[in-house]
Amino acid sequence: MVKTMMTRTRFAPSPTGHVHIGNMRAAIFNWLYARHTGGQFLLRVEDTDRERSTPEAIKTLLEAMEWLGLNVDETPLYQSTRMEAHLAAAEKLLASGHAYKEDKGGTGQGECIIFKMPGTDMAFTDLVKGTLKKSAKDIADFVIVRSNGTPVFHLANVLDDIEQKITHVIRGDDHVENTFRHIAMYKALGAPVPQFAHLPMIINAQGKPYSKRDGDAFVGDFQEKGFFGDALFNYLALLGWSPGDDREVMTRQEMIDAFDLVTVRSSPAQMDLRKLLWMNGEYVRAIKPEDFAALCRSELSAAGVTPGDHADAVFALMQERTKLPSEIVPATAFFFTEEFEYDQKAVEKKLLKEGSFQCLEKIIGIFQTLENFDAETVNTALHNFVEQGGLKFGDVMPPLRIAVSGQQSGPDLAPVLAILGKEKSIARIRKTIERFKG
RNA sequence: GGCCCCAUCGUUCAGCGGUUAGGACACCAGGUUUUCAUCCUGGGAACACGGGUUCGAUUCCCGUUGGGGUCACCA
């Protein structure tokens, strides 16, 4: 039996306040691969830009990861603590002849340290893209320490990956060209070269890569809009990868079991918000009723609405029709307050019609005769009314719905009426007639 | 522009020489004897183009076109 080294992957973002959706997808793939192989997933905060790497930015990053369930196996490494090691390595490269000093461009800014490429053609096998080659003439030497004495990304990145014993570097497509340089550095440093996997870009609805201008591309935005972390994780995992069969809504464990880098596609994928929304709805319907109820209560309380009697019955009615928690308040507020708004368009289209008010008057009469006011009784009464009067449901139900809820759509009307109760239902119908008739 | 990568329905993921080219989202129609949502049924919808290789190409090779990445003392 061959003893293989434990897989160690990492997510190495620079904390600049917002975590980009493409970056987070890379984090997800790193996490998934580590979990699939029984290895470890690490975090390295590349916070060398002290201007932008604020404590708040780091907090935002950590929160986004927690929200998505991306747990790490070791204390995060902060790159800013590693400057001395980076510089020491540069000296070592200088001493071994793998780097040289030069006043590049003769700008008079002083000498910087430049890494010397081996001058041979290079090739490596990318786990998702296959074999990639580069001619020696196409890769130039590059700066690793600036003339002001600070290490450049390439140096810091490679050294920290060595420090963290990373075995698989899984990152965005935009790093493929750098990989040739990085491999040369691993070799010059006498360090084992890790495996590389470059993920295709995620592009926006216009077919362009997400940029800072795409306001909807940050992880925090999805959280604010009420998406579930698990749903976003699931959706993102399926962008560029599939389990090989038709499964789409999957549990974490199912994704972990099925995940592999070699089955990742190498072409860019476009984010489809509608499918994400659909998937979120799948997750909403999958949670326990009591969890959904708790979610509803927090949404309502945030909106200043106090859920009254029968709130749980209302929530039960809502769970199967909710895709985003933000829909809850507008859809249920009328249950808990008499001050609900009327949908003006609905009123004009469905309520202000010939016979509507007469019809509503009759319904009041019928409701008054009912002793029980449960959903079934109400339903039967309404059906009898329609049939005996030779009416159409389409002429009766919409005005009634608007009268009690102000809206033209919602859950089944009978249970809605039952939850409101006889007194309130009748009172609301009366109030509506007074307000809009004549 | 040089170098590199990519190319299946509108979107996404399958397909890895022979298939009626499949699933999902979205869309359309019908149904679940009121709406919307859910759910069910059905439908339209794709192999960028041109050459090869082969008995046979969506699949392999080359080119074209299109898209993307990268060419910093940014990361």
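No experiment lies behind these values; they were computed from the predicted model shown. Just so it is clear: chains get the letters A, B, ... in the order the sequence lines come, proteins before strands, and each one is counted from 1.
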> Under a 4.0 Å heavy-atom cut-off, which of residues 406-418 of chain A touch RNA chain B?
Replying inline: A/Gln408, A/Ser409, A/Gly410, A/Pro411, A/Asp412, A/Leu413
> B/G15 and B/C3: how far apart are their P atoms, nearest whole angstrom?
Replying inline: 32 Å
> In whole Å, what separates the C1' atom of B/A7 from that of B/U64?
Replying inline: 13 Å
>> Mind checking if A/Asp395 touches a base, just sugar-phosphate, or nothing, with heavy atoms under 4.0 Å?
In response: nothing
> Under the salt bridge (charged side-chain N to carboxylate O under 4.0 Å, His left out) rule, what pairs show up with a residue in residues 350-360 of chain A, not counting sequence neighbours?
Replying inline: A/Lys353-A/Asp395
>> Over all strands shown, is A/Lys137 touching base, sugar-phosphate only, or nothing at heavy-atom distances under 4.0 angstrom?
In response: nothing
>> I need the full list of salt bridge (charged side-chain N to carboxylate O under 4.0 Å, His left out) pairs touching residues 233-257 of chain A, with sequence neighbours left out, sorted by first then second residue.
In response: A/Asp230-A/Arg252, A/Asp245-A/Arg247, A/Glu248-A/Lys275
> Nearest of B/C5, B/U34, B/C73 to any side-chain atom of A/Asp103?
Replying inline: B/C73
>> Any strand counts, and the cut-off is 3.5 Å on both contacts for Watson-Crick or G-U wobble. Which nucleotide pairs with B/G1?
In response: B/C71
> For A/Asp160 and A/His86, does a side-chain donor sit closer than 3.5 Å to a side-chain acceptor?
Replying inline: yes
>> Could you work out, with side chain to side chain donor-acceptor pair (under 3.5 Å) as the rule, every residue matching A/Asp141, not counting sequence neighbours?
In response: A/Tyr100
>> Going by salt bridge (Lys or Arg N to Asp or Glu O under 4.0 Å), name the residues that satisfy it together with A/Glu282, two or more places apart in sequence or in a different chain.
In response: A/Arg285
>> So A/Lys129, base contact, sugar-phosphate only, or nothing? Heavy-atom distance under 4.0 Å.
In response: sugar-phosphate
> Applying salt bridge (charged side-chain N to carboxylate O under 4.0 Å, His left out), which residue pairs with at least one partner in residues 101-118 of chain A are found, sequence neighbours left out?
Replying inline: none
> For atom C1', what is the distance between B/A57 and B/A75, given to the nearest Å?
Replying inline: 44 Å
> With A/Thr263, which residues qualify under side chain to side chain donor-acceptor pair (under 3.5 Å), at least two apart?
Replying inline: A/Trp241
> Does A/Arg181 make a cation-pi contact with A/Phe115, if we ask for NZ or CZ under 6.0 Å from the ring centre and within 45° of the axis?
Replying inline: no
> Contact class for A/Leu400 vs. all strands (heavy atom < 4.0 Å): base, sugar-phosphate, or nothing?
Replying inline: nothing
>> By the 4.0 Å heavy-atom rule, please label A/His198 as base, sugar-phosphate, or nothing.
In response: nothing
>> At 4.0 Å (heavy atoms only), tell me whether A/Val152 reaches a base, stays on the sugar-phosphate, or touches nothing.
In response: sugar-phosphate
>> If the condition is salt bridge (Lys or Arg N to Asp or Glu O under 4.0 Å), which residues does A/Glu63 pass it with, not counting sequence neighbours?
In response: A/Lys59
> Which residue, A/Leu276 or A/Gly394, contacts RNA chain B at a nucleotide closer to its 5' end, judged by nearest heavy atom?
Replying inline: A/Leu276
> Between B/A75, B/A37, B/C3, which nucleotide gets closest to the side-chain atoms of A/Glu320?
Replying inline: B/A37
>> Rounded to whole Å, how long is the line connecting atom CD1 of A/Ile139 with atom P of B/A72?
In response: 14 Å
>> Side chain of A/Phe153 only, heavy atoms from C-beta on: which candidate in B/C3, B/G69, B/A75 is closest?
In response: B/A75
> Which residues pass the side chain to side chain donor-acceptor pair (under 3.5 Å) test with A/Arg25, sequence neighbours left out?
Replying inline: none
>> Work out how far the C1' atom of B/C62 is from that of B/U53, and round it to whole angstrom.
In response: 11 Å
>> Taking the side chain as everything from C-beta on, heavy atoms only, tell me whether A/Val378 gets closer than 4.5 Å to A/Phe367.
In response: yes
>> Please report the distance, rounded to the nearest Å, between CZ in A/Phe180 and C1' in B/C3.
In response: 10 Å
> When you check every protein heavy atom under 4.0 Å of nucleotides 7-15 of chain B, what one-letter string (B, S, -) results, 5' to 3'?
Replying inline: SB-BSSSS-
>> Between A/Asp161 and A/His182, is the side chain to side chain contact (heavy atoms under 4.5 Å, CB included) condition met? List the steps.
In response: CA-CA 10 Å; A/Asp161 278 340; A/His182 294 178; over 6 Å; no
> Taking atom P in both B/A26 and B/G67, what distance in whole Å separates the two?
Replying inline: 30 Å
>> My understanding is that only residues two or more places apart in sequence, or in another chain, count here; which of them pass side chain to side chain donor-acceptor pair (under 3.5 Å) with A/Asp412?
In response: none
>> Just the rounded figure in Å: distance from C1' of B/A75 to CZ of A/Phe11.
In response: 13 Å
>> What is the separation between atom CG on A/Leu132 and atom C1' on B/C4, rounded to the nearest whole Å?
In response: 8 Å
Show each protein N/O and nucleotides 39-44 of chain B N/O combination with a separation under 3.5 Å, one pair to a line.
from  : atom 1 : to       : atom 2 : distance (Å)
B/C39 : OP1    : A/Arg285 : NH2    : 3.3

>> Distance check needed: B/A75 C1' versus A/Ile144 CD1, whole Å only.
In response: 16 Å
